[in-house]
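Report on the structure given below.
Below, chains carry the letters A, B, ... as their sequence lines are ordered, and counting in each starts from 1. For clarity, every value in this text was computed on a predicted model and none was experimentally measured.
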Number of protein chains: 2
Amino acid sequence: MVLTERHKELIERIGVFHEHKGMQPLVGRIIGLLLVHEEGEVSFDEIVENLSVSKSAVSNALTFLQAKGRCVYSTRPGDRKRYFALKVSDWREDFQQELENIAEIQKFIDEVLEVRTEKNPEFNCKMKDFSDFLGFFKKEIPSLFERFKKQQV
Amino acid sequence: MVLTERHKELIERIGVFHEHKGMQPLVGRIIGLLLVHEEGEVSFDEIVENLSVSKSAVSNALTFLQAKGRCVYSTRPGDRKRYFALKVSDWREDFQQELENIAEIQKFIDEVLEVRTEKNPEFNCKMKDFSDFLGFFKKEIPSLFERFKKQQV
DNA sequence: CAGTTAGTTCTGCAAATACAGAACCATATA
DNA sequence: TATATGGTTCTGTATTTGCAGAACTAACTG
């Protein structure tokens with residue numbers, strides 16, 4: 001598949017988006033490439049060529065993505081190449097995980113509340129309020145997915 | 001205020017938590033300190049001393065936190081020191097912002113769908129499904145806060 | 001005005017990051 | 001067995017990060 005300028009530019013932007021999320025640059029670009037690539041399955045050297053990076057960098061980035069469970073490869077009979085693809089199938093789990101990660105701060109808030117004195121009750125009260133909300137939020141996550149399912153025609 | 005070992009250890013953990021979110025180490029530690037500090041307001045040199053870092057590092061970190069709107073300082077009559085505090089009051093806005101940041105990936109998904117051919121309809125379909133969910137999710141955010149308010153006694 | 005206090009900005013550096021290039025390994029093929 | 005292919009691992013390095021330390025500024029103080 002030949003990438004147009006539009007493809008390349010979109011891959012770059014998807015790359016920086018993921019960089020901001022803490023991933024290393026190339027990992028973000030690879031996610032971008034796997035997203036825009038029409039077949040969805042991209043060979044190792046197609047990645048090397050399209051992104052103009054070294055084999056070693058691609059190898060490490062793919063190892064990382066596979067370890068994180070965001071990417072898998074398949075092989076084809078009589079073809080030693082590996083074809084890499086995103087695990088888009090798991091978006092529900094991934095999204096749920098991300099939401100729970102955010103709510104993880106509740107643990108810290110609660111520990112903070114244990115440690116704090118009564119010297120600043122207003123502060124404590126707001127923290128308690130936030131913690132309560134985070135607990136509520138976590139409980140609401142499953143029903144969110146259910147409601148989405150229902151409202152789908 | 002004198003910090004116990006428990007305080008210090010909690011500050012460290014809050015620090016690494018924020019590091020994982022992309023912040024620089026000291027910024028995370030300062031958030032931790034401002035959280036566990038009983039008065040809630042901490043002077044510049046209390047930060048320097050408690051975290052054993054240089055004035056320049058603290059100055060830069062505080063500038064960053066203020067720019068991000070996560071921290072403010074107040075002064076006291078006849079006292080030239082600045083007392084820094086977290087803006088815990090804004091936790092609703094902040095949390096809402098974080099949720100919307102996650103959902104920001106919808107823009108990219110939609111652009112990807114525009115660019116993609118029909119060669120892999122299954123992939124496209126899953127992406128479309130994800131995008132629809134993100135749209136649904138964004139719409140649900142305000143009602144989430146409302147429901148929290150209602151279920152509070 | 002000299003000295004002090006509170007904080008900022010500038011300069012430099014040690015450590016971490018992200019990658020290139022080469023050597024390497026494993027499997028397939030001639 | 002020699003050679004090619006596909007990918008990994010190792011080594012080195014340019015760049016970036018995160019901070020220290022010193023110089024600096026601004027306001028107050030005697």
Hits for side-chain hydrogen bond (donor to acceptor under 3.5 Å, both in side chains) against B/Q152, two or more places apart or cross-chain, chain-then-number order -> A/D129

Are any side-chain N or O atoms of A/Q106 and backbone N or O atoms of A/S131, one a donor and one an acceptor, separated by less than 3.5 Å? yes

Residues forming a side-chain hydrogen bond (donor to acceptor under 3.5 Å, both in side chains) with B/R70, sequence neighbours excluded: none

If you look only at pairs with a residue in residues 25-79 of chain B, which of them pass as a ring-ring contact (aromatic ring centres under 6.0 Å, His included), with sequence neighbours excluded? B/Y73-B/F84

If the condition is side-chain hydrogen bond (donor to acceptor under 3.5 Å, both in side chains), which residues does A/E12 pass it with, not counting sequence neighbours? A/R29

B/L99 and A/L99, any side-chain heavy atoms less than 4.5 Å apart: yes

Suppose the criterion is salt bridge (Lys or Arg N to Asp or Glu O under 4.0 Å): which pairs have a residue in residues 42-62 of chain B, not counting sequence neighbours? B/D45-B/K81

For DNA chain C, determine which residues of residues 21-33 of chain A have any heavy atom closer than 4.0 angstrom to one of its atoms, and list them numerically. A/Q24, A/P25, A/L26

Any side-chain heavy-atom pair from A/C71 and A/L62 closer than 4.5 angstrom? yes

Looking at B/F136, is A/R147 sitting on its ring face, NZ or CZ under 6.0 Å from the six-membered ring centre and within 45 degrees of the normal? no

Need two values: the first and the last nucleotide of DNA chain D, 5' to 3', having an atom under 4.0 Å from any heavy-atom of chain B. D/dG18 to D/dC28

Between B/E39 and A/K119, is there a salt bridge with N-O shorter than 4.0 Å? yes

Please give me every residue in residues 39-53 of chain A whose heavy atoms get under 4.0 Å of an atom in DNA chain D, ordered by residue number. A/F44, A/D45

Applying side-chain hydrogen bond (donor to acceptor under 3.5 Å, both in side chains) to B/K139 and not counting sequence neighbours gives none

Return the residues of residues 58-87 of chain B meeting this criterion: a heavy atom under 4.0 Å from some atom of DNA chain C. Order them by number, or give none. B/S59, B/R80, B/K81, B/R82

Between the protein and nucleotides 11-15 of chain C, which nitrogen or oxygen pairs are less than 3.5 angstrom apart?
none

Between B/R6 and A/E111, is the salt bridge (charged side-chain N to carboxylate O under 4.0 Å, His left out) condition met? List the steps. CA-CA 10 Å; B/R6 185 167 179 201; A/E111 281 193 72; 5.4 Å; no

The criterion is salt bridge (charged side-chain N to carboxylate O under 4.0 Å, His left out); which residues satisfy it with B/K8, sequence neighbours excluded? B/E5

Please check: side-chain N/O of A/R82 versus main-chain N/O of A/V72, any donor-acceptor pairing under 3.5 Å? no

Does any donor-acceptor pair link the side chain of A/S54 with the base of C/dG21 at a separation under 3.5 Å? no

Are A/I14 and B/V112 side-chain neighbours, meaning at least one heavy-atom pair lies under 4.5 Å? yes

